[in-house]
Q: 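Handing you this structure, nothing more for now.
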Amino acid sequence: MGESAFRREDRVGLAAAIGLHIALVAALALQFLLVPADPVMPPRMTVSLATEVSLQSTAPDPAPDARAALAPTLSEEPAPEVQSDEADATPDAPPPVPSARAEPRPSRESPSETRRPADTRETASRPRQVSNAGGSRIGEDFLEGQGSSATSDDTRTPAAAFGASERAALSSAITRQLRPHWNAPDGVDAEKLVSIVSWRLNEDGSLSGRPSCRNQSSSITASNRPQAGLHCERAIRAVQLAAPFNLPEQFYNRWKQLEWQFDRRL
């Protein structure tokens, strides 16, 4: 009787491995059967990132100085309302005809009670006293004015004010139009150079004359001095290529004369 090729421990391990593989195959098959054929996918979310700040006025046709909204002024004491029997009577009306019936016998009432009808007529003939109830009345033209001017008759929406947000948006718009045409020179310490360019613009955004440039003295070193002139020339060229600038017309007084800093980080 020959000796077996596997020991008892080997046979137990082989059987356990085969069993585990069979269990794994069964689990994978079961998972495949449970997954639906056409799973429902969540809707795709679209994200839009704004990189520009709008410089357009919210008013379609803004006015430089719009009229303020004014309500009518009322008198503190309203006009009294007169209600009288004499006002109701017409001057052409004929006098009343006395009735043919016999006059009623006088009753035994006190003199004060007998004069009560006369007092009532006298009270009715007096004008009614109207108390000042207060309050106000708003006319139909109360909401016509939309500004703060008391002299202008223009009722259009007033022009937008130039504040911190408008200043930041204008600066961003100018830099965005200069950046594609700016190419700083290379060299030792060239990244330290800073040039200041000044130029004037017409109302249509075109240049009014040639821009001028100067280097910031603190940015010039012994190593980058040969590149300082080229740095200014390229800054002027960037301004010339960016013109005409597309800037909001209502803020022309703010951008008709500009002074801009050109460096490596523009």
Q: Return the set of residues passing side chain to side chain contact (heavy atoms under 4.5 Å, CB included) with Leu241 (not counting sequence neighbours), or none when no residue passes.
A: His181, Arg237
Q: Counting only N and O atoms by type, is there a donor-acceptor contact under 3.5 Å from the side chain of Tyr252 to the main-chain atoms of Gly205?
A: no
Q: Could you tell me whether the side chain of Asn224 and the main chain of Ala190 form a donor-acceptor pair under 3.5 Å?
A: no
Q: In terms of relative ring orientation, are Phe245 and Trp199 parallel, tilted or perpendicular, with 30° and 60° separating the classes?
A: parallel
Q: With a cut-off of 6.0 Å (strictly less than), are more than 12 heavy atoms of other residues, nucleotides or ligands near CD of Glu249?
A: no
Q: Please report the C-alpha distance between Leu247 and Gln177 in whole Å, then the side-chain angles of each, then the deciding distance to 0.1 Å, and finally whether the side chain to side chain contact (heavy atoms under 4.5 Å, CB included) criterion is met.
A: CA-CA 10 Å; Leu247 301 172; Gln177 297 178 51; 3.7 Å; yes
Q: Going by side chain to side chain contact (heavy atoms under 4.5 Å, CB included), name the residues that satisfy it together with Ile22, two or more places apart in sequence or in a different chain.
A: Ile18
Q: Quick one: does Glu166's side chain have a donor or acceptor within less than 3.5 Å of a partner on Gly163's backbone?
A: yes
Q: Does anything in residues 199-266 pair up under disulfide bond (SG atoms under 2.5 Å apart), and if so which pairs, sequence neighbours excluded?
A: Cys213-Cys232
Q: Under 4.5 Å between side-chain heavy atoms, hopping through other hydrophobics if needed: is there a path connecting Ile220 to Phe262?
A: no
Q: Any non-hydrogen side-chain atom of Pro248 less than 4.5 Å from a side-chain atom of Leu170?
A: yes
Q: Between Ala222 and Pro226, what is the shortest heavy-atom contact and its length?
A: O-CD, 4.2 Å
Q: Using ring pair (Phe, Tyr, Trp, His ring centres under 6.0 Å) as the criterion, list what pairs up with Trp260, not counting sequence neighbours.
A: none
Q: Take Leu201 and Leu207 through the test side chain to side chain contact (heavy atoms under 4.5 Å, CB included) and record every step on the way to the result.
A: CA-CA 5 Å; Leu201 293 174; Leu207 286 174; 3.8 Å; yes
Q: Could you check whether any side-chain N or O of Ser219 sits under 3.5 Å from a backbone N or O of Gln216, counting only pairs where one atom can act as donor and the other as acceptor?
A: yes
Q: Between His21 (side chain only) and Ala17 (backbone N and O only), is there a donor and an acceptor less than 3.5 Å apart?
A: yes
Q: Ser171 side chain to Arg167 main-chain N or O, any donor-acceptor pair under 3.5 Å?
A: no
Q: Enumerate the salt bridge (charged side-chain N to carboxylate O under 4.0 Å, His left out) contacts for residues 203-212, please, sequence neighbours excluded, ordered by first and then second residue.
A: none
Q: Do Trp182 and Val239 belong together in a cluster built from hydrophobic side chains that touch within less than 4.5 Å?
A: yes
Q: I need the full list of salt bridge (charged side-chain N to carboxylate O under 4.0 Å, His left out) pairs touching residues 253-264, with sequence neighbours left out, sorted by first then second residue.
A: Asp186-Arg264, Arg214-Glu259, Asp263-Arg265
